[in-house]
Amino acid sequence: MKPMTQLKNDRLLRALRKQPLDATPVWIMRQAGRYLPEYRACRARAGDFMSLCQNPQAACEVTLQPLERFDLDAAILFSDILTIPDAMGLGLYFEEGEGPRFRKPLDSAKAIEQLPVVDTMRDLPYVVDAVSLIRRELNGRVPLIGFSGSPWTLATYMIEGGSNRDFVKTKTMLYGQPEILTLLLEKLAASVTDYLNAQIAAGAQVVQIFDTWGGALSAAAYREFSLRYMEKIVAGLAPGPDGEKVPAILFTKGGGMWLEAIAATGCHGIGLDWTQDIGEARARVGDKAALQGNMDPAVLRAPVEVIEAEVSAILQGYGPGSGHVFNLGHGITPDIVPDQVSALVDLVHNLSVNFH
């Protein structure tokens, strides 16, 4: 039974739908993570990262940890974007200091042809269970964000066998065997759509697609091999239990040159990295989508007065009115002191009142 508790704090949903607000909502990509000592303790008890992800009770505990410290306006499911490739049989594992790796990377057309499409309820039940548990434990405190990696970003990890910022194998396939890459992206788009819809059915009230490596593509390749599939996923999202369309946020790191095209997908929100001027982005996107972002995570290493100046500049850059979700321009880094995050969240709420 899905919880239907009335939201006590619906700032995020109102911002994404451009409805009137009292203050700008704020959440932080990777807000549950290694910068928090309580997270490090929980991960140590779990034994390793994937064991933590695959235990719904532990994933729930970690998801809620930042909300106990900070006055955030959303919780985001604690998981990993590579759960889908893992469920497809590629054998995900993590090496200390090296990041994610796959034991069976996609090294041939035959491997891609034989790849199954993910059935989330069958293949990833621990994610669905975690969403249900988190939603229940939140009890309407703030909205819950579900998420997935984009098909293009997932494909790069699956073909390269891990994190590789040159994308030699993936781009060789893109330009030499585009039909094989297209087959992979079609399977991933179907899998991601099913995955996000399962999260929505379990209680996610917003979903975000992380297109971490879309900015590595040319303009034409981005539209053909990344944006096209995110648009297909957005169109395939099911409504929430109340019958309303669940807001979707698309975040392409390095995607500032394609804002108009991203807005045309029908998404509710566009995530901006810190290289994009938010005022210019608003002028270009207009009323087509809300904007999320976009403070450089490195600012959190600075004194509080510097954080305050940066928050103020971003709020002023966006200007008055709804449609802005404050966030970092990418994920928080492990070295950040939690008190800096607390200062950031309070500054966003206090300084943004004048813009609403």
Side-chain angles (χ1 to χ4, degrees), residues 1-33 36 38-39 42 53 55-79 120 125-148 195-209 237-249 267-269 271 290 292 322-327 338 341-342 344-346 348-350 352-353 356:
M1 177 82 60
K2 290 180 287 292
M4 297 296 290
T5 309
Q6 184 72 26
L7 270 174
K8 302 173 181 71
N9 175 351
D10 64 351
R11 282 183 184 135
L12 176 65
L13 298 181
R14 296 182 70 82
L16 290 171
R17 291 171 174 148
K18 295 203 162 191
Q19 297 169 346
L21 284 165
D22 62 329
T24 300
V26 55
W27 69 277
I28 298 170
M29 288 184 276
R30 295 188 192 145
Q31 64 189 27
L36 293 175
E38 56 267 39
Y39 167 82
C42 192
C53 290
N55 182 322
Q57 289 74 28
C60 177
E61 178 183 348
V62 169
T63 298
L64 299 178
Q65 283 174 348
L67 273 70
E68 298 306 313
R69 276 187 181 259
F70 316 120
D71 187 23
L72 294 157
D73 294 295
I76 181 166
L77 165 69
F78 179 80
S79 188
T120 304
Y126 64 86
V127 175
V128 178
D129 291 345
V131 171
S132 296
L133 181 58
I134 296 162
R135 179 71 189 273
R136 185 165 67 246
E137 292 299 315
L138 281 170
N139 194 31
R141 184 174 174 181
V142 292
L144 174 59
I145 303 169
F147 74 90
S148 174
Y195 187 55
L196 292 178
N197 280 334
Q199 292 182 42
I200 290 168
Q205 292 146 294
V206 176
V207 293
Q208 175 158 311
I209 299 175
L237 292 177
D242 58 1
E244 280 201 71
K245 195 163 182 64
V246 171
I249 304 166
C267 66
H268 283 73
Q292 178 175 279
S322 190
H324 180 205
V325 176
F326 201 101
N327 207 315
V341 177
S342 183
L344 169 68
V345 172
D346 291 344
V348 171
H349 288 152
N350 293 337
S352 66
V353 169
H356 296 282

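Keep in mind that the numbers below use all heavy atoms, side chains included, and drop hydrogens, waters and symmetry copies.
- When side chains are defined from C-beta on, T120 does not count as touching Q199, because their heavy atoms never get closer than 4.5 Å.
- Between the side chain of N9 and the backbone N or O of R141, no donor-acceptor pair lies under 3.5 Å.
- Between R11 and H356 there is no side-chain heavy-atom pair separated by less than 4.5 Å.
- The closest side-chain heavy-atom distance from Y39 to P66 is not below 4.5 Å.
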> Please walk me through it: do L144 and Q205 pass side chain to side chain contact (heavy atoms under 4.5 Å, CB included)?
Replying inline: CA-CA 5 Å; L144 174 59; Q205 292 146 294; 3.8 Å; yes
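- Closest approach of L237 to A248, counting heavy atoms only: CD1-CB, 3.8 Å.
- Distance CG/L12 to OG1/T24: 11.5 Å, rounded to 0.5 Å.
- Shortest non-hydrogen contact noted between L16 and P247 is CD1-CB, 3.8 Å.
- Side-chain atoms of V127 and Y195, non-hydrogen and from C-beta on, do get closer than 4.5 Å to each other.
- Rounding to the nearest 0.5 Å places CG of N139 at 14.5 Å from CD1 of I134.
- From E137, atom CD reaches atom OG of S132 across 11.5 Å, with rounding to the nearest 0.5 Å.
- You'll find the side chain of I145 stays beyond 4.5 Å of the side chain of I249, heavy atoms only.
- The closest donor-acceptor contact from the side chain of K18 to the backbone of H268 lies at 3.5 Å or more, if one exists at all.
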>> Using the rule given for side chain to side chain contact (heavy atoms under 4.5 Å, CB included), can you reason through E38 versus E61, listing the C-alpha separation, both sets of side-chain angles and the distance that settles it, and then say yes or no?
In response: CA-CA 10 Å; E38 56 267 39; E61 178 183 348; over 6 Å; no
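- Rounding to the nearest 0.5 Å places SG of C60 at 7.5 Å from CG of L138.
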>> Does F70 form a side chain to side chain contact (heavy atoms under 4.5 Å, CB included) with E68? I'd like the steps, not just the answer.
In response: CA-CA 6 Å; F70 316 120; E68 298 306 313; over 6 Å; no
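- In this structure, S352 contributes its side chain and A23 its backbone to no donor-acceptor pair below 3.5 Å.
- Pairing each heavy atom of L72 with each of W27, the nearest pair is CD2-CA, 3.9 Å.
- The two atoms that bring H324 and A15 nearest to each other are O-CB, 3.8 Å, heavy atoms only.
- No donor-acceptor pair under 3.5 Å is formed between the side chain of Q19 and the backbone N or O of S322.
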>> V246 vs L196, test: side chain to side chain contact (heavy atoms under 4.5 Å, CB included). Steps then yes/no.
In response: CA-CA 10 Å; V246 171; L196 292 178; over 6 Å; no
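- Residues L133 and P56 share a closest heavy-atom pair of CD2-O, 3.7 Å.
- Counting heavy atoms from C-beta on, the side chains of M29 and F147 never come closer than 4.5 Å.
- Contact record, A198 with V128: CB-CG2, 4.0 Å, taken as the closest heavy-atom pair.
- Of the possible donor and acceptor atoms, none in the side chain of N327 sits under 3.5 Å from a partner among the backbone N and O of Q292.
- Inter-residue side-chain proximity for L36 and Q31 is flagged as unmet; no heavy-atom pair is nearer than 4.5 Å.
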